[in-house]
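Structure first, then comments.
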Amino acid sequence: MSTDPTVETAAGAEERVHPVRVAVLGSGSWGTTFAMVLADAGCEVRLWGRDADVAREVSTARTNEKYLPGIALPPMTGTTDAAAALAGAQIVVVAVPSQVARATLTGLRELVEPDAVIVSLMKGVELGTDERMSQVIVEALDVPLSRVAVVSGPNLAPEIAERQPTATVVACADPDAARLVADACASSYFRPYTNSDVVGVELCGAVKNVIALCVGMAQGRGFGSNTTATVITRGLVEITRLGLALGADAETFAGLAGMGDLVATCTSPLSRNHTLGRHIGEGMTLEEAVAATGTTAEGAKSCRSVLDLAQKHGVDMPITQGVVSVLYDGLPVEDMARALLARPQKAEGVGA
C-alpha cells in the first residue's frame, strides 16, 4: 500500500485521505456548481436544499437538470435534512438568495459546528439593514467575523459547471481560514486566490450586479459597445468610491473580484442581471423581466440597499441611482441615459 497521503483525482486535484467535509446550503445553479467544484477537489460534500426531487437526483443520478441541465456531477449527497448536511461539516457554504439569508441561517444556527468556517457565495446587500452578507452571517449564526469567508470573482456558474478554467478570490480576516477554503476548492479548472479584504470583495460582488443591469438595459435599447464600455468603466468608479468609503483596499477593485467579475457579469448572456436588464431595456416591466429571466437576479433587489448604503456614507453613485429609478420609479431607460450624460462635467477619477 502506498504511503503517499494523497492521490490524483480525474480533475487533477489532490484527494485527501481524510477529506474536508463540506455542507453547501442552496441547491440552485451556483450552489450546485460550487458543490461540484468542492467534490472535484476531493471534499466530501453534502448539498442541502428544500426541493426533495433535486436532492434525490443529485444523490442518485448525479445530475441537477432543473438548474444545471446536461451537467454530470461528481459523487455528493443531496439532502433536505439540514441537520444531516451540517453534522461534522468543517466548512459551511451559503448559496441562498441574499434577501432570505438571515431567516434561513437563523433557523440553522444550532446545527452549525462550533469551529466551522462559513463561506458566503451570496452577492447582495440586505434590504432594510443595508448590511453585507458577511455581517448577516455573523448575526444570524452568532459567529465571529474571523470565521466568515467570502468567495467572489468572474464565476458564471454555467461555464464553471462545464469545468471551463477560471479563478476566484477567497477573502477572510483570518488567513488560515482563507487558506482552508482555498485549498478545499482548488482544482485543475478552478484557481482560488486569497486576500483579507472582505469588505471590498463583497461590495464588488454586490454592486457589479447593479452595473450589469444598467448595461443590459442599454443593450436592450440597442446601444452599442461604446455605451457598454462607458457604463462598465464608470460603474467600476462607483464601486471603488463606495468601497473606499467603507474601508476597502483599493487594489481589490482592479482584481478578479472587481474588474474581473464586473466584465464577466456585464458582458455575458449567461449573467442573470445582464439578462434581466436587457428585458427591461426591451420594454418589459420588472415583473415581466423577472419572470422571463427565470432565476434570481440579485441586483434587482440589492440596488435599493446599495443606494441607501451609498447615501448614508455620502457617496455619489449616479448609475446605481438611475437603475433604481428605472426599476422602481418608472423612469424610461432613455431618460436615465440622458440624465447621466447631462451631469456636470468634471475630471475623471474616483476622487473627482
Side-chain angles (χ1 to χ4, degrees), residues 9-13 22-41 43-81 85 93-98 100 104 121-124 151-168 185 187-190 205 209 212-213 216 219-220 261 264-279 282 284 287-300:
T9 68
V22 184
V24 178
L25 306 179
S27 58
S29 58
W30 187 208
T32 303
T33 298
F34 199 72
M36 180 200 82
V37 170
L38 292 160
D40 279 347
C43 296
E44 177 189 330
V45 180
R46 298 170 183 171
L47 178 63
W48 173 82
R50 301 187 187 280
D51 191 322
D53 291 335
V54 168
R56 189 179 309 109
E57 182 186 347
V58 167
S59 293
T60 58
R62 297 182 185 173
T63 58
N64 184 346
E65 290 297 325
K66 183 176 181 179
Y67 294 105
L68 293 177
I71 299 298
L73 300 175
M76 66 179 78
T77 300
T79 182
T80 58
D81 185 341
V93 178
V94 185
V96 300
S98 62
V100 302
T104 300
L121 301 186
M122 301 175 290
K123 297 180 177 180
V151 172
S152 192
N155 300 151
L156 295 165
E159 292 183 1
I160 298 175
E162 293 178 349
R163 296 175 172 84
Q164 296 182 24
T166 193
T168 199
C185 65
S187 73
S188 62
Y189 62 90
F190 196 82
N209 287 332
L213 285 170
Q219 293 183 351
D261 196 9
T265 307
C266 288
T267 61
S268 174
L270 298 175
S271 163
R272 292 170 288 189
N273 291 280
H274 177 275
T275 299
L276 189 145
R278 180 180 285 274
H279 289 322
E282 291 170 346
M284 290 188 185
E287 292 74 18
E288 291 168 342
V290 169
T293 303
T295 55
T296 301
E298 294 281 11

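Residues satisfying the salt bridge (charged side-chain N to carboxylate O under 4.0 Å, His left out) test with R46, not counting sequence neighbours, are E44. Residues forming a ring pair (Phe, Tyr, Trp, His ring centres under 6.0 Å) with W48 (at least two apart in sequence, or on another chain): none. Looking at residues two or more places apart in sequence or on another chain, you find a salt bridge (charged side-chain N to carboxylate O under 4.0 Å, His left out) between R56 and D53. Every residue two or more places apart in sequence or in another chain was checked for a side-chain hydrogen bond (donor to acceptor under 3.5 Å, both in side chains) with T33, and none qualifies. In terms of the side chain to side chain contact (heavy atoms under 4.5 Å, CB included) criterion, P165 has no residue partners (sequence neighbours excluded). In terms of the side chain to side chain contact (heavy atoms under 4.5 Å, CB included) criterion, A72 has no residue partners (sequence neighbours excluded). Remark: R278 engages Q219 in a side-chain hydrogen bond (donor to acceptor under 3.5 Å, both in side chains) (not counting sequence neighbours). In this view, T275 satisfies the side-chain hydrogen bond (donor to acceptor under 3.5 Å, both in side chains) rule with no residue, not counting sequence neighbours. Scanning for side-chain hydrogen bond (donor to acceptor under 3.5 Å, both in side chains) contacts around S27 gives an empty result, with sequence neighbours left out. When the side chain to side chain contact (heavy atoms under 4.5 Å, CB included) test is applied to A167, the partners found at least two apart in sequence or on another chain are R191, Y193, L256.
Of all non-hydrogen atoms in M122 and V96, the two that sit nearest each other are CG-O, 3.2 Å. For the pair A35 and V24, the tightest heavy-atom approach, listed with the atom from each and the gap, is CB-CG2, 4.0 Å. Residues G205 and D261 approach most closely at CA-OD2, 4.3 Å, considering heavy atoms. The two residues T168 and G153 come nearest to each other via the heavy atoms OG1-N, 3.8 Å. Heavy atoms only, all atoms of each residue included: A39 and V45 are closest at N-CG2, 3.7 Å. Closest approach of N273 and G299 over heavy atoms only: OD1-N, 2.8 Å.
In this structure, the side chains of E57 and L73 stay at 4.5 Å or more apart for every pair of heavy atoms. With a 4.5 Å cut-off on side-chain heavy atoms, T166 and F190 count as touching. In this structure, P75 and R62 have side chains that are in contact, with non-hydrogen atoms separated by less than 4.5 Å. At least one side-chain heavy atom of W30 sits under 4.5 Å from a side-chain heavy atom of I160. Taking 4.5 Å as the limit, some side-chain heavy atom of I71 sits within range of a side-chain heavy atom of M36. With contacts defined as side-chain heavy-atom distances shorter than 4.5 Å, the pair H274/C266 does not qualify. By the 4.5 Å heavy-atom criterion applied to side chains, M76 and V58 are counted as neighbours.
Formation of a donor-acceptor pair under 3.5 Å by the S268 side chain with backbone atoms of L270 is found in this model.
Atom-to-atom distance recorded for S98:OG and K123:NZ is 12.0 Å, nearest 0.5 angstrom. Taken from CG in L47 to OG1 in T32, the straight-line distance is 5.0 Å, to the nearest 0.5 Å. Distance check: R272 CZ to L156 CG gives 9.0 Å after rounding to the nearest 0.5 Å.
Here side-chain hydrogen bond (donor to acceptor under 3.5 Å, both in side chains) pairs that include residues 66-81, with residues two or more places apart or in two chains, are D51-K66.
No side-chain donor from either of S187 and D40 sits under 3.5 Å from a side-chain acceptor of the other.
When V93, N155, L25 are each tested for a side chain to side chain contact (heavy atoms under 4.5 Å, CB included) with L121, only one passes: V93.
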